[in-house]
Amino acid sequence: MRIHWHRRDLRVADNRGLAGDNIEAGEGPVLPAFVFDPAVLAHAGPPRVAALLEAVSELRDAYRERGSDLVVARGDPQTVLPTLADEFGAERVTWNRDYTRLGRKRDAAVREALDDAGVERAAVHDAVLHEPGTIRTNDGDPYQVFTYFWKKWRDREKSPAVDAPAPAALADVEDDTPVPTLADLSVDEPAASLPTVTSTAARERLADFCAEDIYRYEDRRDYPADGCTSRLSQHLAYGTIGIREVYEATEEAYARSDSDAERESVREFQSQLAWREFYTQVLWFNPSVVTENFKTYENPIEWRSDPEGLQAWKDGETGYPIVDAGMRQLEAEAYMHNRVRMIVASFLTKDLLIDWRKGYDWFRKRLVDHDTANDNGGWQWAASTGTDAQPYFRIFNPMTQGDRYDPDAEYIREYVPELDGVPADAIHSWHELDPGTREMHAPDYPAPIVDHAERREAALAMFEAARGED
DNA sequence: AGTTTTTTAGG
DNA sequence: CTAAAAAAC
């Protein structure tokens, strides 16, 4: 018997480790298991733990429908897994590889514990189409620039989705250990209304997206009021859908297109999948990026300490409407539109001049779809500390961005009720209205807490100093 | 995956 | 004079 240890691959279909793809999977049935690891849970906020519980419950249902069960345990995996192997007489444990620093440390400890217990084990690449290290520059180095990575990624052959294991391949077991509740795990009920994070929801979403919105994606993905993005991020974060299945659906959409514009739009979406894998390989080769700048400047960057500014940012009370709308969407839905993520990240780092780590930590606790590689890559990009760091090109003007991507202020008004009924042109020129006019339009909405033009200069000076120039 | 300033074109 | 394009940062 083999145990498949589920982590961020909470599905039965298109699961390479579960299917025993490309590994010596051994004889006998597969016993699926999930371990609630306090160290991992401590790292997540309520939205992510709630989503995890939902996904694990549905996974268990899927196994029960197949006449098997998901064994649920709690504790440190390095002690739990050898115990489970012993209890069920499993001679082998498999899992899908985790590319984060924390995950790799945990997996190394589990490897050692299983070796000590005389249990065989194998880790499988599953979460990405092209595993870290397989796409390199012609000199053999991992890519640090997306464009060239993308060209190779796009042209390389992809492996197909793998089938769910047949019921006969699964262990005939029953486990009456309940999936823990939030209370069992001492985690608060999330304040946000969360998306459904299950394989069923993921498949529906993928099918819907590929039927229609994928063809508008290129033109409309940056308009947060449009809602034509895939909304697959939480599913990719938990693995409630497999990446090969996602890719195949986009290829089918490509085959159905009847114009170059539609084909380009599908490719544009696929490039977003490639961004995910680009940042995954950046993280794999540079595990310290979770806490350190990817790019080293001559001198340390002199980020400011501004607890009030940070709090206003978190609360969505900065007086910059698009920034506040984004931060309030995060609070309400544990989610934020990607364009707005860039805007609020630029605002924190380039207007408030606050260290990106403060923002990254907030996102990590709040976002239901948090993914270390993506979020860290995004934050370091915005902060000009990541790959392709460009201080001059990465200072967003929050008014211009709002005006350009939410021209009718539809998105802004949805999340900032104080601005309900205020004309779009007043919203987009909020920073230059005189206090009396602001008071007249929206007495409860704050004035801008900083002057963007001034802070833009300060940000440039901060990077000049870091670069060691006068 | 940008913004601001300067230059040029057009009425 | 405005608006679009190009250049600079």
Side-chain angles (χ1 to χ4, degrees), chain A residues 143-151 153-154 216-226 228-230 233 264-280 282 289 294-295 297 320 322-323 326 336-353 356 359-360 363 367 369 371 373-407 411 428-432 448 450-470:
Chain A
Y143 276 103
Q144 296 185 16
V145 177
F146 176 73
T147 320
Y148 300 105
F149 175 89
W150 158 237
K151 290 184 200 309
W153 187 95
R154 182 192 59 195
R216 307 196 296 139
Y217 185 79
E218 188 175 34
D219 287 344
R220 302 302 301 173
R221 71 194 179 92
D222 277 324
Y223 296 81
D226 267 37
C228 81
T229 57
S230 76
S233 53
E264 272 168 37
S265 187
V266 174
R267 287 283 181 257
E268 181 62 35
F269 177 71
Q270 290 177 335
S271 84
Q272 303 305 310
L273 300 179
W275 269 109
R276 173 174 171 272
E277 306 202 354
F278 173 73
Y279 281 135
T280 298
V282 169
V289 292
F294 175 88
K295 179 186 165 71
Y297 283 90
Y320 283 92
I322 190 77
V323 173
M336 198 190 306
H337 185 279
N338 185 59
R339 164 59 48 183
V340 191
R341 293 187 199 202
M342 294 193 271
I343 300 171
V344 304
S346 176
F347 189 81
L348 185 80
T349 55
K350 307 291 171 65
D351 283 86
L352 296 177
L353 308 165
W356 62 268
Y360 173 65
F363 271 30
L367 277 174
D369 65 11
D371 171 283
N374 283 337
D375 281 359
N376 185 270
W379 271 100
Q380 295 231 35
W381 179 87
S384 303
T385 60
T387 54
D388 186 31
Q390 299 215 20
Y392 281 99
F393 299 168
R394 301 279 152 70
I395 300 176
F396 283 25
N397 181 321
M399 294 79 73
T400 309
Q401 290 278 320
D403 192 29
R404 188 180 302 158
Y405 296 113
D406 190 27
Y411 171 81
H428 295 310
S429 56
W430 194 250
H431 61 293
E432 54 194 19
V450 291
D451 179 273
H452 172 71
E454 193 182 283
R455 289 304 178 97
R456 180 177 186 276
E457 293 306 314
L460 289 171
M462 185 175 80
F463 279 97
E464 288 288 301
R467 282 167 10 150
E469 294 164 20
D470 293 322

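In this entry the distance linking CZ of A:R455 with P of B:dT3 reads 19 Å, nearest Å. The interatomic distance linking A:F463 (CZ) with B:dG2 (C1') rounds to 14 Å, in whole Å. As rounded to whole Å, 10 Å separates atom P of B:dT3 from atom CE of A:M399. Protein atom CZ of A:R456 is 14 Å distant from nucleotide atom P of B:dG2, rounded to whole Å. A:D219 has its CG atom 14 Å from the P atom of B:dA1, to the nearest Å. The CG atom of A:D388 sits 12 Å away from the P atom of B:dG2 (whole-angstrom rounding). Rounded to an integer number of Å, the gap from OH of A:Y279 to C1' of B:dA1 is 9 Å. Rounded to whole Å, atom C1' of B:dT3 lies 8 Å from atom CZ of A:R404.
With sequence neighbours excluded, no residue forms a salt bridge (Lys or Arg N to Asp or Glu O under 4.0 Å) with A:D351. Taking the side chain to side chain contact (heavy atoms under 4.5 Å, CB included) definition, one finds that A:P448 meets it with A:Y320, A:W430, A:H431, A:R438, sequence neighbours left out.
Here A:Y405 lies in heavy-atom contact (under 4.0 Å) with sugar-phosphate atoms only. When heavy atoms are screened at a 4.0 angstrom cut-off, A:R341 is found touching no nucleic acid atom at all. At the heavy-atom level, A:Q390 lies nowhere under 4.0 Å from the strands shown.
For A:Y405 and A:Y411, the gap between ring centers reaches or exceeds 6.0 Å.
Between A:N397 and B:dG2 there is no side-chain N or O to OP1 or OP2 distance below 4.0 Å. Taking 4.0 angstrom as the limit, A:Q272 places none of its side-chain polar atoms (N or O) nearer than this to OP1 or OP2 of B:dA1.
In the set B:dG2, B:dA1, B:dT4, B:dT4 carries the atom at the smallest distance from any side-chain atom of A:T400. Among the nucleotides B:dT3, B:dG2, B:dA1, the one closest to any side-chain atom of A:F393 is B:dG2.
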- Item | A:W150 vs A:F278, ring pair (Phe, Tyr, Trp, His ring centres under 6.0 Å): CA-CA, chis, key distance, verdict | CA-CA 8 Å; A:W150 158 237; A:F278 173 73; over 10 Å; no
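Here the side chains of A:N397 and A:R404 are not in contact, with every heavy-atom distance at 4.5 Å or above.
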